[in-house]
Amino acid sequence: MKLQTTHYHFNLLKDTERLSAFYEAIKNKGENPNINKKLALDLGCGSGILSIFASEYYEKIQAIDLDPKTIKCAEENTKNFNNIQIINADTTQHEFESTPDLIICEMLDTALIEEEEVLTFNQIHNKIKSYTEIIPYGIINKIEPVCMEDNIIMYEDLESQPKYNIIGESVIYDIIRFKDYINPVFDKTISFYITKNSIFNGVKITTYTLLNQKLICGPTPMLNPELIIPLPKELDAHQGETININLSYTMGKGLESIKINLI
Ligand SMILES: C[S@@+](CC[C@H](N)C(=O)[O-])C[C@H]1O[C@@H](n2cnc3c(N)ncnc32)[C@H](O)[C@@H]1O
């Protein structure tokens, strides 16, 4: 199948690990005879590829995206699928009228800080019923103390390869299930157990995506690349010691909302 895309969505399509994980999760719901399949929503539909996957199984798919250029591509890509309706809207403001059987929402990024995944799920929260299926199911966030070379916040992705060493044990610091109402403000004290004598001047955040309760994915090149964040000041860390930090950010409000303090 040939799809029309923006440059960004083309890169998303090239990430076959990301795509096959979503395909597997949608197929898994689609082939389940015990769930309703009247209405599916694809929030942040991009090229429309996930709606196309769902169209085989669901009676109707409403695919929503904010970006007018992207919407034009999605309209073109889905024109031969009579059960897909393309809507140009902001999902954090949209009044959702019907109760969907499935919500697909892939506005994912590391720790959900940059994209509006959480704001979207909170907007649609009153339409989520016990039977509503959600893809992805949730995410798991991990954090590690590092000694980093450059004093700037960086993703570890196709374009940038920050240099750093991990100097302590990893901590799973947050688990989010999209069916729950989520407080977008994250603010927590985290304790690191240091395993190397080193300068401690940053942290690395890794986000794993739970497509469903059994299928975990990532990071992949276009799905939640690892994020390396410098501390406001560096510290001499010693093997065997425990160091506490306070980490806060607001999901959906961008990297500038991140604050880290040594305690
Ligand atoms: C990571 S892309 C996912 C694209 C698509 N699911 C795919 O697999 O190719 C996220 C998409 O969400 C859209 N988006 C971001 N914020 C949005 C919002 N508030 N309302 C609607 N769409 C949004 C972006 O324009 C982008 O196309």
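Residue numbers start at 1 and run along the sequence shown. Whatever order the structure lists them in is the order used to number ligands and atoms, beginning at 1. Here the structure is a predicted model, which means the values were calculated and not measured. Hydrogens, waters and symmetry mates are skipped; everything else that's a heavy atom, side chains included, is used.
- Atoms of ligand 1 found under 4.0 Å from any heavy atom of Leu12 (numbered from 1 in listed order, with element): 1 (C), 2 (S), 3 (C), 4 (C), 9 (O).
- Relative ring orientation between Phe186 and Tyr249 is described as parallel, the plane-to-plane angle staying below 30° on a 0-90° scale split at 30° and 60°.
- Ligand 1 places these atoms under 4.0 Å from at least one heavy atom of Asp90: 18 (C), 19 (N), 20 (N).
- Among Glu117, Met107, Lys69, the residue whose heavy atom sits closest to atom 16 (N) of ligand 1 is Met107.
- Inter-residue side-chain proximity for Leu119 and Thr91 is flagged as unmet; no heavy-atom pair is nearer than 4.5 Å.
- In terms of N/O distances under 3.5 Å, ligand 1 is approached by His9.
- The shortest side-chain heavy-atom distance between Leu223 and Glu17 does not fall under the 4.5 Å cut-off.
- Distances from atom 9 (O) of ligand 1 to the heavy atoms of Arg18, Glu116, Gln93 show the closest one on Arg18.
- A donor-acceptor pair shorter than 3.5 Å cannot be found between the side chains of Lys188 and Tyr173.
- Between the side chains of Asn224 and Thr207, not a single donor N or O lies within less than 3.5 Å of an accepting N or O.
- The shortest distance between side-chain heavy atoms of Arg18 and Cys217 does not fall below 4.5 Å.
- Those atoms of ligand 1 that come under 4.0 Å of a heavy atom in Ile49, given as number and element, are 7 (C), 8 (O), 9 (O).
- Between Asp236 and His238 there is a side-chain heavy-atom pair separated by less than 4.5 Å.
- When hydrogens are left out, the protein atom nearest atom 4 (C) of ligand 1 is Gly44 O, 3.4 Å; that is the closest non-hydrogen contact.
- A donor-acceptor contact closer than 3.5 angstrom links the side chains of Thr220 and Asp15.
- Ranking protein heavy atoms by distance to atom 1 (C) of ligand 1, first place goes to Tyr8 OH, 3.1 Å.
- Short contacts between ligand 1 and Glu115, defined as distances under 4.0 Å to a heavy atom of the residue, involve ligand atoms 15 (C).
- Contact check for Leu262 versus Phe200: side-chain heavy atoms found under the 4.5 Å cut-off.
- Lys29 and Tyr57 share no side-chain donor-acceptor pair at under 3.5 Å.
- The option from Thr70, Asp65, Thr92 that lies nearest to atom 27 (O) of ligand 1, judged by heavy atoms, is Asp65.
- Close approach of ligand 1 to Leu50 is summarised as follows: ligand atoms under 4.0 Å from at least one heavy atom of the residue are 6 (N), 8 (O).
- Between Phe121 and Phe178, the ring planes lie parallel to each other; the angle is under 30°, not in the 30° to 60° tilted range.
- When only non-hydrogen protein atoms are considered, atom 22 (N) of ligand 1 lies nearest to Leu66 N, 3.1 Å.
- Contacts of His94 with ligand 1, taken as heavy-atom pairs under 4.0 Å, are absent altogether.
- The nearest heavy-atom contact from the protein to atom 5 (C) of ligand 1 is Cys45 O, 3.4 Å.
- Closest to atom 10 (C) of ligand 1, if we only count protein heavy atoms, is Glu106 O, 3.4 Å.
- With ligand atoms numbered from 1 in the order given, ligand 1 contributes 20 (N), 21 (C) to contacts under 4.0 Å with heavy atoms of Ala89.
- At the top of the distance list for atom 18 (C) of ligand 1, counting protein heavy atoms only, stands Thr91 OG1, 3.4 Å.
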